[in-house]
There are 2 protein chains.
Amino acid sequence: MKIGQVATKSGLPAKTIRYYESIGLIDPAGRTSAGYRAYEEKDIQTLRFIQRARSLGFSISEVSALLTLWNDRNRASAQVKELARRHVEEMDRKITELQSMKDTLSELIDKCQGDHRPDCPILNDFARLNNKAKK
Amino acid sequence: MKIGQVATKSGLPAKTIRYYESIGLIDPAGRTSAGYRAYEEKDIQTLRFIQRARSLGFSISEVSALLTLWNDRNRASAQVKELARRHVEEMDRKITELQSMKDTLSELIDKCQGDHRPDCPILNDFARLNNKAKK
DNA sequence: TATGGAGTTTACAGTAACTGGAAGGTCAAG
DNA sequence: CTTGACCTTCCAGTTACTGTAAACTCCATA
């Protein structure tokens, strides 16, 4: 199977598959006599695994660890769970941070008339000297 | 005032201030006879403005637009409000996406025993062929 | 058989927003 | 005069790709 088909089946762009190979996330594919990359079914499995993990926000290096665990018949599920739990915590931090930024900005927006006049509480706030903490 | 002091007062690393100058976000600073960058109070204002906007998640190019608006005595606050509203929408999208990823992963984690045995619903899910939609 | 188009190859550059590090100049204190 | 703290520039690295170019390879049709 050539890279285009694998791309379709795995949900990853051909370009991305080559990239993953280049950084060593996946093993180099075999080659046809013409130099085209040749894949098998199990490669699609691996690529889909990666696609799924990436879509859940795992970084490349986390995916790499996950792949190792996946290929380890003797792994303890506790290891995987721990990795996943840490990832969820990280996501929680990001969500909280985004939410807090959003709340702050939303408040500012509510205070702004948003008309033809130049007076704007949003810009005023940005320019204020001490806005580390909200009173 | 030299860059170190400005860094402290603005809340931005000196390195970052130089970077902002290099990409044209801020005007090149004046120089002392020794070649050191020399700043005035109003520069700190600007830098703090940038710091604040960046801390609220605006991209550099959005900050650039905001700066232009800030310096425009004839701006309409509606423009600023619109820019801010779009940014909030973007944040909302990100929050929703993160939350959804987190929910999916959390479910998987709940199903995993997390003990010494290798069986792991998390990895099983990653390896499954069709997990685009959850049934 | 020639040609065209789709798919493939590599290599290099660009993206966002910095951050780290090296090599060297400047300045005030001791 | 020598530290040590700051300052300068320049280049590389980070994350995870994506875009582009030039050059094959393959298959089908004219």
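A note on names: the letters A, B, ... follow the listed sequences, proteins ahead of strands, and every chain is numbered from 1.
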Inset, instruction - In whole angstrom, give the distance that lies between atom CD of B:Glu62 and atom C1' of C:dA16. - result: 12 Å

Inset, instruction - Whole angstrom is fine here: how far is it from CE in A:Met1 over to C1' in D:dC26? - result: 18 Å

Legend entry - Upstream residue (5' side of DNA chain D) when A:Tyr19 and A:Tyr36 are each assigned their closest nucleotide: A:Tyr19

Legend entry - Nucleotide nearest A:Ile3 (side chain, heavy atoms from C-beta), chosen from C:dT9, D:dT8, D:dA16: C:dT9

Inset, instruction - Please check if the distance between the ring centroids of B:Trp70 and B:Phe49 is under 6.0 Å. - result: yes

Inset, instruction - Remember a base hit wins even if backbone is also touched, and classify A:Arg54 as base, sugar-phosphate or nothing at under 4.0 Å, heavy atoms. - result: sugar-phosphate

Legend entry - Whole angstrom value for the distance that separates C1' of C:dT10 from CZ of A:Arg31: 9 Å

Legend entry - Residue whose closest nucleotide on DNA chain C lies nearer the 5' end, A:Tyr39 versus B:Ser61: A:Tyr39

Inset, instruction - Inspect the contact between A:Arg117 and A:Asp115 and indicate whether a charged nitrogen and a carboxylate oxygen are less than 4.0 angstrom apart. - result: yes

Legend entry - B:Lys15 or B:Gln5, whichever maps to the more 5' nucleotide of DNA chain D: B:Gln5

Inset, instruction - May I have the distance from B:Ile26 (atom CD1) to C:dA17 (atom P), rounded to whole angstrom? - result: 15 Å

Inset, instruction - Go through D:dA16, C:dA17, D:dT18 for me and flag the one nearest to the A:Pro13 side chain. - result: D:dT18

Inset, instruction - Taking only Lys NZ, Arg NE, NH1 and NH2, and the carboxylate oxygens of Asp or Glu, determine whether A:Arg37 and A:Glu21 approach each other closer than 4.0 Å. - result: yes

Inset, instruction - Tell me whether A:Tyr36 is reachable from A:Met1 by hopping between hydrophobic residues (I, L, V, M, F, W, Y) whose side-chain heavy atoms are closer than 4.5 Å. - result: no

Inset, instruction - Measure the distance from CD1 on A:Ile23 to P on D:dT14 and round it to the nearest whole Å. - result: 12 Å

Legend entry - Distance below 4.0 Å between A:Tyr20 side-chain N/O and D:dA16 OP1 or OP2: no

Inset, instruction - Can you tell me the distance, in whole Å, between the NZ atom of B:Lys2 and the P atom of C:dT26? - result: 13 Å

Inset, instruction - Please check the phosphate of C:dT19 (OP1 and OP2 only) for any side-chain N or O of B:Thr16 closer than 4.0 Å. - result: yes

Inset, instruction - To the nearest Å, give me how far apart CD (B:Glu21) and P (D:dC7) are. - result: 14 Å

Inset, instruction - Identify whether any heavy atom of B:Arg37 sits under 4.0 Å from a base atom; if not, whether one sits that close to sugar-phosphate; answer base, sugar-phosphate or nothing. - result: sugar-phosphate

Legend entry - N-O pairing of A:Arg93 and A:Glu90 below 4.0 Å: yes

Inset, instruction - Pick base, sugar-phosphate or nothing for A:Thr32, based on heavy-atom distances below 4.0 Å to the nucleic acid. - result: nothing

